[in-house]
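Positions are given from 1 along the sequence. Computed over heavy atoms, backbone and side chain alike; hydrogens, waters and symmetry mates excluded.
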Amino acid sequence: TYAISLGEWANKNYVVTQASAGTFTISPADFTGKETVKGFDVTYKGEAYSIFENALLSGVKTVDGTQLSAENWSFEVDGAAQTSVKDVKVENGEVSAYDVSFTLTAPNHNDFKSTFEITIRQAALTVSAQNATVIYGDAAQAMTVKYSGFVGGEGDENGANEGILGGSLSFAWDKEYAVGDAADSVYTATPQGFTSDNYAIQYESGTLTVQKRKITIVIGDQSAPYT
């Protein structure tokens, strides 16, 4: 706000007196591009998602067209100050959302405050039982699995890093194998037992097949007198 004064006026017929000072007020402007701001729905990747980048906040500009940076924004995620989000929250088997409130400030502009929602969905993880065989009459070895779907370096095909999965691996069998079961018998094993907030775990079954045991018959030489 600026004061307005007449200054000194000279006139031969009038004595000019300023009765009161006026004011000139420049009101703060609104940001442009506010309609571009929106929440986002993404899949867990094992790394933090930038709120600034994923909510398209870069589309908001000052009236002179200046693009704002992340430093102009402040965020609260579920009531706590944050700049990014990572983990999935699961309640009753459903992925829940994060509530984000934000404030944008810049000189000569009205503060822009609003809210939006972020959802990070579980990544798909597949645990596949590996087919195995056992020779007739032998005890079966423990079944093994391979993993597919870990993100962010949280594991590989051989297993998860420590703390990534809860629970423990076990197998559900369609029928129980016993030593001495007939050759060509096939048993189906389905992995189970893991838990995770960040991964939706799917299990693929494998089989245990009983193979024939090879035996060698040695026939010794025989002789008899001619009669």
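Hydrophobic clustering (side-chain heavy atoms under 4.5 Å, transitive across Ile, Leu, Val, Met, Phe, Trp, Tyr) keeps Tyr49 apart from Leu56. By the rule that hydrophobic residues join a cluster once side-chain heavy atoms approach within less than 4.5 Å of another member, Val63 and Leu57 end up as members of separate clusters. Under the 4.5 Å side-chain heavy-atom criterion for Ile, Leu, Val, Met, Phe, Trp and Tyr, Val134 and Tyr136 are members of the same hydrophobic cluster. Criterion: ILVMFWY side-chain heavy atoms under 4.5 Å apart, direct or through other members. Under it, Ile135 and Leu208 are not part of a common hydrophobic cluster. Taken together through direct or relayed side-chain contacts under 4.5 Å among Ile, Leu, Val, Met, Phe, Trp and Tyr, Tyr147 and Ile164 form part of one hydrophobic cluster.
Under the 4.5 Å side-chain criterion, counting only non-hydrogen atoms from C-beta, Asn158 is in contact with Lys146. Between Glu76 and Phe102, the closest side-chain pair of non-hydrogen atoms is not below 4.5 Å. Taking the side chain as every heavy atom from C-beta outward, Pro191 and Phe171 approach each other to under 4.5 Å. Side chains of Ile51 and Thr83 form no contact here, defined as non-hydrogen atoms less than 4.5 Å apart. In this structure, Phe112 and Asn72 have side chains that are not in contact, with every pair of non-hydrogen atoms separated by 4.5 Å or more. Looking only at side-chain heavy atoms (C-beta outward), Trp73 and Val60 come within less than 4.5 Å of each other. Looking at Val85 and Val100, their side chains never come closer than 4.5 Å, going by heavy atoms from C-beta outward. Within the 4.5 Å cutoff, side-chain heavy atoms of Ile201 are placed close to those of Leu165.
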Phe75 and Phe52: CA distance, side-chain angles, deciding distance, ring pair (Phe, Tyr, Trp, His ring centres under 6.0 Å) verdict: CA-CA 9 Å; Phe75 305 95; Phe52 179 78; 7.6 Å; no

Check against side-chain contact (heavy atoms from CB on, under 4.5 Å), Ser101 and Lys113: CA-CA 7 Å; Ser101 58; Lys113 298 181 179 182; over 6 Å; no

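Judged by distance alone, the side chain of Asp99 and the main-chain N or O of Asp78 form no donor-acceptor pair under 3.5 Å. Judged by distance alone, with hydrogens and angles left aside, the side-chain atoms of Gln130 form a donor-acceptor pair with the main-chain N or O of Ser128 at under 3.5 Å. Checked by atom type and distance alone, the side chain of Thr32 pairs as donor or acceptor with a backbone atom of Lys61 at under 3.5 Å. Here the side chain of Asp111 pairs no donor or acceptor atom with the backbone of Thr103 at under 3.5 angstrom. Here the side chain of Gln122 pairs a donor or acceptor atom with the backbone of Asp197 at under 3.5 angstrom.
Heavy-atom contacts from other residues, nucleotides or ligands closer than 6.0 Å to NZ of Lys45 number more than 12.
To the nearest 0.5 Å, atoms CG (Asn108) and OG1 (Thr62) are separated by 9.5 Å. Taking CD from Glu204 and OG1 from Thr126, the interatomic distance works out to 5.5 Å, rounded to the nearest 0.5 Å. Leu104 contributes atom CG, which lies 11.0 Å from atom CG of Asn110 (distance to the nearest 0.5 angstrom). We find the CG-CD distance between Leu125 and Glu154 to be 10.0 Å, quoted to the nearest 0.5 Å. Considering NZ of Lys89 and CG of Asn198, their distance stands at 12.5 Å, rounded to 0.5 Å. Distance check, rounded to the nearest 0.5 Å: CZ of Arg213 to CG of Asp138 gives 4.0 Å.
The side-chain hydrogen bond (donor to acceptor under 3.5 Å, both in side chains) contacts involving residues 164-184 comprise Ser170-Gln192, Asp181-Tyr187, where partners must be two or more places apart or lie in separate chains.
Among residues two or more places apart in sequence or in another chain, the salt bridge (Lys or Arg N to Asp or Glu O under 4.0 Å) test is passed with Glu53 by none.
Classified by interplanar angle (parallel below 30°, tilted 30° to 60°, perpendicular above 60°), the ring pair Phe150/Tyr199 is perpendicular.
The heavy-atom pair separating Ala129 from Gly206 by the smallest distance is CB-N, 3.4 Å. Scanning both residues, Ser205 and Thr188, for their nearest heavy atoms gives CB-CG2, 3.8 Å. Across every non-hydrogen atom of Leu68 and Ala106, the tightest pair is CD1-CB, 4.2 Å. Closest non-hydrogen pair, Thr43 versus Ile120, comes out as C-CG2, 4.1 Å. Between Arg121 and Val95, the closest heavy-atom pair is CA-CG1, 4.0 Å. The heavy-atom pair separating Ala48 from Lys86 by the smallest distance is CA-CB, 4.1 Å.
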